[in-house]
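Okay, so here's the structure we're looking at.
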Number of protein chains: 2
Amino acid sequence: MLRLSKLTDYAVVVMARLARDGAGPEGQVQTAPGLAMATGIAEPTVAKVLKLLGQAGLVEGLRGARGGYRLTRPLGAVPLSEVIVAVDGPIALTACVDGGSGGCEAERICAVRGRWDPVNRAIRDALSGITLADLAGPAPRSAPARPDQAAPEAVLLAE
Amino acid sequence: MLRLSKLTDYAVVVMARLARDGAGPEGQVQTAPGLAMATGIAEPTVAKVLKLLGQAGLVEGLRGARGGYRLTRPLGAVPLSEVIVAVDGPIALTACVDGGSGGCEAERICAVRGRWDPVNRAIRDALSGITLADLAGPAPRSAPARPDQAAPEAVLLAE
DNA sequence: GTAAATAGGACCAATCGGGTCCCCTTTGAA
DNA sequence: TTCAAAGGGGACCCGATTGGTCCTATTTAC
């Protein structure tokens with residue numbers, strides 16, 4: 001289906017939330033439990049996503065009491081491709097592209113061997129041209145006034 | 001990893017093989033076992049791919065003895081996106097894009113709800129700009145893409 | 001010193017996709 | 001007329017990947 005993983009989706013939501021709450025570069029930090037509360041995503045999952053984003057340098061984690069996370073760059077400076085790479089790994093549509101030889105037993109007679117590169121490049125370019133600001137931008141419809149006050153329990157029970 | 005399925009890879013290989021062996025529009029047909037032999041892909045898998053491609057109208061299957069498959073269009077007139085849709089289903093990076101409501105319990109507080117559309121569109125555009133001829137390399141034997149075939153476009157969201 | 005919070009890794013379960021096999025239908029050829 | 005070759009359609013099973021959870025170590029404010 002050419003889908004990207006849910007983790008990537010969560011990552012975008014979490015980073016958008018960080019930006020929204022002022023946890024930008026050199027700004028205030030926000031804790032993983034707090035983000036989980038605000039986004040409605042389970043807390044261990046939020047922690048996992050933040051760890052991955054931290055390893056990629058997209059967020060900065062401050063340890064210890066009063067610690068938390070904040071963005072290292074404004075959303076407009078973060079291409080979507082970077083988030084995908086951070087969470088899902090390298091962007092390559094087929095296994096035989098970057099892995100070199102081995103694994104593809106039809107290597108000898110494969111007619112399209114090594115020809116997926118332009119495809120991968122096209123995808124990467126398309127994804128690099130979109131920043132998180134484009135995704136998190138102005139509220140799509142009926143911006144919720146205070147989503148930080150919304151109780152996830154209520155959402156679960158509502159529908 | 002944003003990978004596309006192996007089946008799609010096989011589909012490209014098989015279609016390239018069809019073109020290479022002259023099984024183009026109104027040309028000779030080639031059998032599934034023969035294609036399996038030529039490509040090194042397991043025969044049941046080749047048959048499965050050809051069925052999917054046939055349902056999408058990308059290849060034409062002739063039944064009965066002396067039957068087989070042939071392309072309905074030259075490779076240059078087949079955008080990669082169509083093959084992906086035929087084999088993998090609609091191109092949509094996230095589940096919450098086209099499915100409407102249901103499934104995403106954080107729908108109410110999701111900050112990026114409905115914002116994946118430009119991403120999907122960018123991907124689709126990138127994939128539509130690449131034809132199988134680009135993947136299969138230079139025209140094998142004096143059968144270049146014929147641009148007189150008007151763009152049949154494109155049922156990306158069909159299914 | 002203690003509590004709060006991140007860092008890192010291991011672990012389990014479920015979903016999805018790859019691959020195979022089955023039987024039916026069609027149709028050219030003997 | 002009969003047979004065999006080939007496609008059409010679907011069901012099925014196994015494996016891999018992913019999503020999600022938990023535990024422990026480390027750091028730091030109070």
Side-chain angles (χ1 to χ4, degrees), chain A residues 1-11 13-14 18 23 28-37 39-70 72 84 86-90 92-95 103-106, chain B residues 1-11 13-14 18 23 28-37 39-70 84 87-89 93-95 103-106:
Chain A
M1 208 259 266
L2 192 71
R3 76 188 194 290
L4 60 84
S5 69
K6 281 189 180 180
L7 271 301
T8 303
D9 194 359
Y10 294 158
V13 173
V14 167
L18 278 172
Q28 267 306 321
V29 298
Q30 192 158 358
T31 69
L35 287 166
M37 195 84 61
T39 58
I41 305 171
E43 195 250 309
T45 302
V46 171
K48 186 177 197 173
V49 167
L50 286 169
K51 284 176 215 167
L52 290 168
L53 293 175
Q55 290 171 346
L58 292 173
V59 303
E60 181 188 10
L62 301 185
R63 307 180 68 161
R66 293 290 192 164
Y69 292 93
R70 65 184 166 196
T72 57
I84 296 176
V87 177
D88 274 3
L93 291 183
T94 54
C104 181
E105 65 282 352
Chain B
M1 209 257 265
L2 192 71
R3 75 189 193 289
L4 58 83
S5 69
K6 280 188 179 179
L7 271 300
T8 304
D9 194 0
Y10 294 158
V13 173
V14 167
L18 279 172
Q28 269 305 321
V29 296
Q30 193 158 358
T31 69
L35 286 167
M37 195 84 60
T39 57
I41 305 170
E43 195 250 309
T45 303
V46 171
K48 186 177 197 173
V49 166
L50 286 169
K51 284 176 214 167
L52 291 168
L53 293 175
Q55 291 171 346
L58 291 173
V59 303
E60 181 188 13
L62 301 185
R63 308 181 66 163
R66 295 289 190 165
Y69 291 93
R70 65 184 168 197
I84 295 176
V87 177
D88 273 4
L93 291 184
T94 55
C104 181
E105 65 281 353

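No hydrogens, no waters, no symmetry mates; every other heavy atom, side chains included, goes into these values. Within every chain, numbering begins at 1; the chains are lettered A, B, ... in the order of the sequence lines, protein sequences first and strands thereafter.
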Selected nucleotide, minimal atom distance to Leu7(A) side chain, candidates dG19(D), dG7(D), dA29(D): dG19(D)
Whole-Å gap separating C1' (dA5(C)) and CD (Gln28(A)): 15 Å
Between dT17(D) (P) and Lys6(B) (NZ): distance, integer Å: 9 Å
Side-chain donor/acceptor of Thr45(A) to backbone N/O of Ile41(A), under 3.5 Å: no
Shortest side-chain distance from Pro44(B), nucleotide among dA5(C), dG7(D), dT20(C): dT20(C)
Check: Arg63(A) side chain, dT26(D) base, donor-acceptor under 3.5 Å: yes
Length of the line joining Met37(B):CE and dA6(D):C1', which is rounded to integer Å: 15 Å
Check: Asp88(A) side chain, Thr8(A) main-chain N or O, donor-acceptor pair, under 3.5 Å: no
Closest to the Tyr10(A) side chain, choosing from dA29(C), dG20(D), dA5(C): dG20(D)
Nearest-0.5 Å distance that lies between atom CD in Gln30(A) and atom CE in Met37(A): 11.0 Å
Interatomic distance where CG belongs to Asp9(B) and C1' belongs to dG19(C) [whole Å]: 15 Å
Per Arg66(B) side chain, nearest of listed nucleotides dA29(C), dG18(C), dG20(D): dA29(C)
Spacing between Glu60(A) atom CD and dT28(D) atom P, to the nearest angstrom: 12 Å
Under 3.5 Å: donor-acceptor pair, side chain of Thr72(A), backbone of Gly57(A): yes
Length of the CG-P vector between Leu62(A) and dA4(C), whole Å: 18 Å
Side-chain N or O of Thr45(B) closer than 4.0 Å to phosphate OP1/OP2 of dT20(C): yes
Residues within residues 46-58 of chain A bordering DNA chain C, heavy-atom distance below 4.0 Å: Lys51(A), Gln55(A)
Gln28(B) to Arg70(B) - nearest heavy-atom pair and separation: O-CB, 3.6 Å
Shortest non-hydrogen contact between Tyr69(B) and Leu18(B), atoms and distance: O-CD2, 3.6 Å
Toward the 5' end of DNA chain D, by each residue's nearest nucleotide, Ala42(A) or Ala65(B): Ala65(B)
Thr31(A) side chain near dT6(C) phosphate (N/O to OP1/OP2, under 4.0 Å): no
Test log, rule side chain to side chain contact (heavy atoms under 4.5 Å, CB included), inputs Val59(A) and Val14(A): CA-CA 10 Å; Val59(A) 303; Val14(A) 167; over 6 Å; no
Euclidean distance, atom CD of residue Glu43(A) to atom P of dG19(D) [Å, nearest integer]: 18 Å
